[in-house]
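Here the structure is laid out as structure tokens; the discussion comes afterwards.
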Number of protein chains: 2
Amino acid sequence: MTKMYKENSLSKNQQIIFDLIDKSPEPLKAYTILFYVQKKGIKAPPQVYRALDKLVEIGKIHKIESKNAFVACKNSNCEISKATAFSICERCEEVDEVSDTKLSKYLSKFNDKKGMTFKRFNLEFFGLCKRCKIK
Amino acid sequence: MTKMYKENSLSKNQQIIFDLIDKSPEPLKAYTILFYVQKKGIKAPPQVYRALDKLVEIGKIHKIESKNAFVACKNSNCEISKATAFSICERCEEVDEVSDTKLSKYLSKFNDKKGMTFKRFNLEFFGLCKRCKIK
DNA sequence: CTTTAAAATGTTATATTATTACATACTGTT
DNA sequence: AACAGTATGTAATAATATAACATTTTAAAG
């Protein structure tokens with residue numbers, strides 16, 4: 001019959017790359033990740049991209065599309081990357097995941113006029129963070 | 001004094017590239033654009049990217065971040081690219097600009113908890129379009 | 001404990017997307 | 001005519017991402 005595979009644990013490369021992203025205070029790009037994990041034996045881009053793809057798929061990380069960079073998911077409530085929202089400071093480049101249940105519900109229920117059925121959305125807000133506003 | 005420059009007309013390259021994008025039924029990528037405009041004398045990537053940057057800046061086109069592709073703005077009411085929303089079919093790749101005043105207002109007024117001031121947002125919905133749902 | 005399908009890995013090469021840097025020309029105001 | 005801002009042309013290269021193929025690991029099922 002169809003086999004069941006474990007869903008919780010990460011593979012070696014996935015774990016290495018997730019740990020790095022999770023510890024990072026800022027979004028990491030694929031080649032920055034590659035640079036840092038070379039000492040751990042991950043030597044080539046496909047290894048990085050494969051792990052990233054998988055981590056995105058299972059919702060452990062998100063891709064910030066406007067920056068081609070990746071952050072760990074801090075919410076447990078963005079159900080497997082179906083509903084993501086980020087705030088991005090245009091000056092200091094700080095990125096935060098916006099977790100607002102109302103917003104998330106509002107967008108998840110949104111139906112467009114042309115009859116599309118939405119499975120997923122990604123929202124990116126741009127502006128100035130608290131600190132950068134002052135300066 | 002500070003000079004005033006014209007704000008309405010596009011330069012030659014900008015016009016060529018805008019026309020191409022505007023006529024296209026689908027988002028166009030930079031190198032696809034480059035291919036099509038070579039017969040008009042635009043030969044190198046920087047020429048394309050510069051025109052694209054400018055057209056985005058003045059709100060004549062938008063970038064679909066998840067696809068690295070560009071579409072013409074069909075709304076006159078997304079005030080200079082400050083508030084953009086798109087629906088993207090995951091099967092046929094069709095992209096439409098979502099113009100929903102309520103949604104736009106809701107998101108423009110959204111304030112996050114960390115005190116950021118938002119100037120702009122981009123929202124991308126993914127799912128299946130009407131036609132692809134049937135198949 | 002062996003077989004097996006799925007998942008993950010390793011590796012080389014290459015494709016795609018985007019920018020730097022610098023020289024030149026055009027545009028419209030003063 | 002002088003100028004400042006904008007746009008253009010061009011070559012080179014940087015940054016991001018995938019294709020293709022061989023091999024190995026994982027863990028469920030027999």
Side-chain angles (χ1 to χ4, degrees), chain A residues 1-21 24 26-71 93 95, chain B residues 1-21 24 26-71 93 95:
Chain A
M1 295 298 119
T2 57
K3 292 188 180 177
M4 292 295 298
Y5 284 84
K6 62 175 177 182
E7 287 172 355
N8 288 316
S9 64
L10 300 177
S11 74
K12 182 170 137 285
N13 289 359
Q14 288 160 15
Q15 190 69 57
I16 290 168
I17 287 173
F18 175 73
D19 287 345
L20 181 68
I21 295 171
S24 172
E26 62 195 12
L28 294 177
K29 293 176 163 247
Y31 277 74
T32 306
I33 292 168
L34 177 58
F35 174 82
Y36 283 121
V37 299
Q38 271 175 338
K39 62 191 74 160
K40 305 224 172 184
I42 297 174
K43 290 175 196 152
Q47 295 175 293
V48 173
Y49 282 102
R50 281 191 295 231
L52 290 172
D53 287 349
K54 188 69 185 184
L55 291 166
V56 166
E57 188 191 321
I58 64 179
K60 301 280 288 181
I61 65 172
H62 302 303
K63 182 172 187 181
I64 312 297
E65 293 287 356
S66 62
K67 298 169 77 74
N68 300 313
F70 299 85
V71 292
E93 307 269 283
V95 174
Chain B
M1 296 298 120
T2 57
K3 294 188 180 177
M4 292 295 298
Y5 284 85
K6 61 177 176 181
E7 286 173 357
N8 288 316
S9 65
L10 300 176
S11 74
K12 180 170 137 284
N13 288 0
Q14 289 160 15
Q15 189 69 57
I16 290 168
I17 288 174
F18 174 73
D19 286 345
L20 182 68
I21 296 171
S24 172
E26 64 195 11
L28 293 178
K29 294 177 161 245
Y31 277 74
T32 307
I33 293 168
L34 178 57
F35 174 82
Y36 283 121
V37 299
Q38 272 175 338
K39 62 190 75 160
K40 305 224 173 187
I42 297 174
K43 290 175 195 153
Q47 296 175 291
V48 173
Y49 282 102
R50 282 191 297 229
L52 290 172
D53 287 350
K54 188 69 185 185
L55 291 167
V56 166
E57 188 192 321
I58 64 179
K60 300 280 287 180
I61 65 171
H62 303 303
K63 182 173 187 179
I64 312 298
E65 293 286 355
S66 62
K67 298 168 78 72
N68 300 314
F70 300 84
V71 291
E93 306 270 283
V95 174

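Numbers restart at 1 for each chain; the letters A, B, ... are given by sequence-line order, proteins then strands. Excluded from the calculations below are hydrogen atoms, water molecules and symmetry mates; all remaining heavy atoms, backbone and side chain alike, are included.
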note = NZ (K63(A)) and CG (D53(A)) are apart, to the nearest 0.5 Å, by 8.5 Å
task = Give the rounded distance in Å between these two atoms: CG of L34(B) and P of dT10(D).
result = 13 Å
N or O in side chain of S11(A) less than 4.0 angstrom from dT25(D) OP1/OP2 = no
inquiry  = If I take atom CD from residue Q47(A) and atom CZ from residue R50(A), how far apart are they, to the nearest 0.5 angstrom?
reply    = 6.5 Å
query = Do any side-chain nitrogens or oxygens of K29(B) fall under 4.0 Å of OP1 or OP2 in dT17(C)?
reply = yes
ask   = Atom CD1 of I16(A) to atom P of dT9(C): distance rounded to whole Å?
value = 9 Å
The helix from dC1(C)-dG30(D) to dT30(C)-dA1(D): angle between end helix axes, five pairs per end, rounded to 10 degrees = 30°
message = Can you measure E65(B) atom CD to dA18(C) atom C1' for me and round it to whole angstrom units?
response = 13 Å
task = Would you indicate what K67(B) reaches in the nucleic acid, counting non-hydrogen atoms under 4.0 angstrom: base, sugar-phosphate, or nothing?
result = nothing
Positive for side chain to side chain contact (heavy atoms under 4.5 Å, CB included) with I42(B), one of I33(B), L20(B), I16(B) = I16(B)
task = Write down the distance between CG (D53(B)) and P (dT20(C)), rounded to a whole number of angstrom.
result = 10 Å
query = Does the side-chain ring of Y31(A) lie flat on the base of dT16(D), meaning centres under 5.5 Å and planes less than 30 degrees apart?
reply = yes
ask   = Of the residues in residues 38-50 of chain A, which ones touch DNA chain C at a heavy-atom distance under 4.0 Å?
value = K43(A), A44(A), P46(A), Q47(A), R50(A)
remark   = From CG of L55(A) across to P of dT9(C) the rounded distance in Å is 10 Å
inquiry  = side-chain contact (heavy atoms from CB on, under 4.5 Å), that's the test. Do E93(A) and K67(A) meet it? Break it down for me.
reply    = CA-CA 9 Å; E93(A) 307 269 283; K67(A) 298 169 77 74; 2.8 Å; yes
ask   = Quick one: does F70(A)'s side chain get under 4.5 Å of L28(A)'s, heavy atoms only?
value = no
inquiry  = Expressed as a whole number of angstroms, how long is the span from K54(B):NZ to dA18(C):P?
reply    = 20 Å
ask   = Nearest-Å distance, CD1 (I64(B)) to C1' (dT17(C))?
value = 16 Å
ask   = When you match Q14(B) and N68(B) each to their closest nucleotide on DNA chain D, which lands nearer the 5' end?
value = Q14(B)
key: L10(A) side chain reached by I17(A) side chain, heavy atoms, under 4.5 Å   = no
request  = Drop me the distance from E57(B)'s CD to K54(B)'s NZ, to the nearest 0.5 angstrom.
outcome  = 4.5 Å
query = Roughly how far, to the nearest 0.5 Å, is NZ of K29(B) from CD of E26(B)?
reply = 11.0 Å
Check: V56(A) and H62(A) side chains under 4.5 Å, non-hydrogen atoms = no
query = Separation of E57(A) atom CD from dA8(C) atom P, in whole Å?
reply = 8 Å
